[in-house]
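Report on the following structure.
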Amino acid sequence: MARIDLDHIRHAYMANPSREEDYALREVHHSWEDGGAYALLGPSGCGKTTLLNIISGLLTPSEGKILFDGKDVTGLQPEERNIAQVFQFPVVYDTMTVADNLAFPLRNRGMAEAEVQSRVAEVLEMIDLVDIAHRKARGLTADLKQKISLGRGLVRADVNAILFDEPLTVIDPHMKWQLRSQLKLLHRRFGHTMVYVTHDQTEALTFADKVVVMYGGEIVQIGTPQELFERPSHTFVGYFIGSPGMNVLPVALDGARAQLGQHSIALPGAASLGDGKRTELGIRPEFVQLGTEGMPVSIRAIEDIGRQKIVRAMIEGNELAIVLNEDASVPADPHVTFDPAGINVYADDWRVKLGG
Amino acid sequence: MDKSWNNKAWFLVLPVLLLVAFSAVIPLMTVVNYSVQDTFGNNQFFWAGTDWFSDVLSSARFHDALLRNLAFSAIILLIEVPLGIFIALNMPRKGLGVPFCLVFMSLPLLIPWNVVGTIWQVFGRVDIGLLGYTLNSIGIDYNYVSDPFDAWVTVIIMDVWHWTSLVVLLCYAGLVSIPDAYYQAAKIDGASRWSVFRFIQLPKMNRVLLIAVLLRFMDSFMIYTEPFVVTGGGPGNATTFLSIDLVKTAIGQFDVGPAAAMSLIYFLIILLLSWVFYTVMITNDAKG
Amino acid sequence: MLELDNVSKIANGETHLSDISLRLESGSLNVLLGPTLSGKTSLMRIMAGLDRPTRGRVLSDGKDVTGLAVQKRNVAMVYQQFINYPAMTVYENIASPLRIAGADKATIEREVARAAELLRLGPYLQRTPLNLSGGQQQRTALARAIVKKAGLVLLDEPLANLDYKLREELRAELPKIFSESGAIFVYATTEPSEALLLGGATATLSEGRVTQFGPTVEVFRNPVDLMTAQTFSDPPMNLLPMEKRQGMFVKQGVRDIPVPAELSHLADGPCTLGFRPHNLSLVAGAGTTPLSAEVMVTEITGSESYVHLIHEDQRWVMLTKGIHDVDAGKMMDVHLDTAHLMVFDRNGQTVRTQPAGA
């Protein structure tokens, strides 16, 4: 277990990067606390896997240093960094049994056989593979193979960090629920530093204490799931987290009020910013109340998705998504109001702090 | 899986079937025909039953040639397969070196058998050959024309030079199909170079190795052209393999009946051994 | 219209599909929902004509097409992997089915332009697929399926390899695209939420059987049996085995739950109660019954919390609004909204689903 410091890390896959766009990872300067559960969340190509591979040592960054507990490990190989990593697609040693697969990283490090056995037995129990411990890994289903990969990641008690690269991609939904909660439990129990890369917001939010949202090679926000949901610091975060994402409406600002077409909306505070910026109001579908009072909207479609309904409406020429409970109904003359607690204001896509 | 049940597909294969019938089945039947008859020329044939077969099977000359074949195949498999794997493991996986290595490796495979034979025949000659002359001038007594051991070494080196590339290319194809994640996982698991080979690369090469071993076995067991060109089966009978013996019998002595019986036995041995190889490796594969 | 009539598929002694009968209307969107290996792909292969059923018939517009090869049917398929011709431009990729059909130049140009606009591929027509993102590659494959004007379009987990947000966008666009073409669409997925977002009709598959087929929301709200309810539930359906004794569901250690009035005719005996995660709550309300459970772990999504619970040998998930980080290991009362209770009899048949409108 270790604290991980990323010291002004930049990375480019080309030899001589000259422009900012040449970097797959633009500048990451951040610390991961010892024993924290972090998720790196972003669309493909945002640099999250690059960052993960820099931490594991599979990549050496073009610039910057990486430190484990204050010790510079930038030049060290993955096997010298004492980390574990679970990959997107199951990596199992086909010719070995399930138990031998789990024992492999321990035996490679010369652990005494009795200790290996007890550790393997413990992990088999944890991930529920006792029944097939002595079967050859070849021919098992993708689900089971990925469980073995997870097990190999968890088997070493003394690792500095466990890294997960979209580990649940090949897993069926029902199994995902089990494995995810299992991982969370294991984190609570053993307190490993865990870094989890994913493009799936549900996985990121449910797994991590702190979610790191990446976009275009940069970190756009680091925060708890609640912060990301309630106070997205960039419109991208608002869009990427939440399903449907945050509604972003162009508004003109005037002190503590925002002008949307002909409607004036009260803000929780006054915004002060320079001229010439593109200003927008962000409101999540969960904070829009549909009723008979407020601003009139026209309804385009109502999607019944089981436990909720998503109402697709238009307001002043902008699309507006609204989330309703499954039992709620849509009034004949629909109007909406915005919950002030859910309103955020953005200037050129970045969130503006509102004064009291 | 019954992926397709379109019977018209057979029409597409028909020309090939006909070709195979003319080029393989009919000559084979002729051979079978010869193998059970005797002739003294004039196109007069007499029924000989299984006489030729028992003659061939009990002939010391046949036994010796068969043993030479088995020894030859065993030696070249033992050299070419490990050497091929070793070279494949050390070839670059990406970059400019890849096409260069692949072309370089393919070159020996593109040379016709008799040319390979001729090259080595000249190369090894004591009077004018670069190899033969150099070895002798530095004091090594090498002469494939007079020394059976030297003749064997020459024929084996020639085969290794000619055919190891095939094993290399097949293994290389198996190796490049292994996803990077496997190597990365092994690194993180702290696996040694040997473990990576034993638990990742070798299992993934299993199938191509089966093909490589089968091809090399069948080919080496039927070897004819190269030793014929280089040593002509000598010195003495030292490099007289079954195929060379067969030609001597059939064309040199015009003993058509025994030659036919010998061909059939030869054919059955190859079939049997290939089947054994195949079964053993497939069962291993299934057991993992 | 495509009809499957008692179709079974047995290969190497293993039953992949058993006795499946389905009627898919023209212009409809049909979701095949089930876990991996439940038979979705086998069923699609038979619909396409790639495989021949062991028993049963396939009828297209009333004509028996069982055993008719795929080339002779008017079928398009899109797979989980992005399959395009790598050496052709996007334009040529989309145009390829038209060229094979021998369409004239003007038609090709018109159709490609239309499909490209529908799938927002306009700016990428002159690129080759490998220079596109995964989402754009899959859009290309979809566009090709659309210009083919196939009577049957089969989509085998087409969005599984895409980013979450891209999936969300494509998922929203797909029904629009479908409704315009008039073809029969069949869409396989493992994810209940995907089926719900797509709408249309859903067939739930389990171990090679279609357990139910009907309008998607209908199947979700009124599953015919426990198997269907479990297949169509994400997070998994919470279960509580109890016994009906006159007016109460009873069980040792659990407070009695009153039997809803419409079930008074139900014979006494063992049964299973099913309820979805959002029908459990941290606070008591009208018509709720408390149940005690141990907290295993809590997952917070930002606006909601999933609390994983253990009740005897059952694993439950509770979904509550707001952020509630409940301590692990704690025993607590959770409140079940009995109005949304589902009841299954001892054979797993549904005897009560959610009342309409509730």
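The model shown is predicted, which means the values in this text are computed figures rather than measured ones. Protein chains get the first letters and strands the later ones, always in sequence-line order, with residue 1 at the start of each.
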Under a 4.5 Å cut-off applied to non-hydrogen side-chain atoms, are A/Q85 and B/Q184 in contact?
->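 Contact flag for A/Q85/B/Q184 side chains = no.
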Taking the side chain as every heavy atom from C-beta outward, state whether B/D189 and A/E79 have any pair of such atoms under 4.5 Å apart.
->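 A side-chain contact is absent here, since even the closest heavy-atom pair is not under 4.5 Å.
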Of all residues at least two apart in sequence or in a different chain, which pass the salt bridge (Lys or Arg N to Asp or Glu O under 4.0 Å) check with B/K204?
->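 Scan of B/K204 (salt bridge (Lys or Arg N to Asp or Glu O under 4.0 Å), adjacent residues dropped) gives none.
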Counting only heavy atoms from other residues, nucleotides and ligands, does the tally under 6.0 Å from [atom1] of [X] exceed 12?
| X | atom1 | value |
| --- | --- | --- |
| B/N90 | CG | yes |
| B/L107 | CG | yes |
| A/Q77 | CD | yes |
| A/Y13 | OH | yes |
| A/E125 | CD | no |

Using non-hydrogen atoms and a 4.5 Å limit, figure out which bit of A/E80 sits close to chain B: side chain, backbone, both or neither.
->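 Looking at A/E80, nothing touches chain B.
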Side chain, backbone, both or neither of A/I83 within contact of chain B (heavy atoms, under 4.5 Å) |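 Interface part for A/I83: both.
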Residues of residues 99-109 of chain A under 4.5 Å from chain B (heavy atom pairs)?
->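 Near chain B, by residue number: A/F104, A/P105, A/N108, A/R109.
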B/I188 and A/R81: side chain to side chain contact (heavy atoms under 4.5 Å, CB included), yes or no, with the steps?
-> CA-CA 9 Å; B/I188 287 164; A/R81 294 191 182 189; over 6 Å; no
If you look at every heavy atom in A/V92 and B/Y182, which pair is closest and at what distance?
->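 That would be O-CE2, 3.4 Å.
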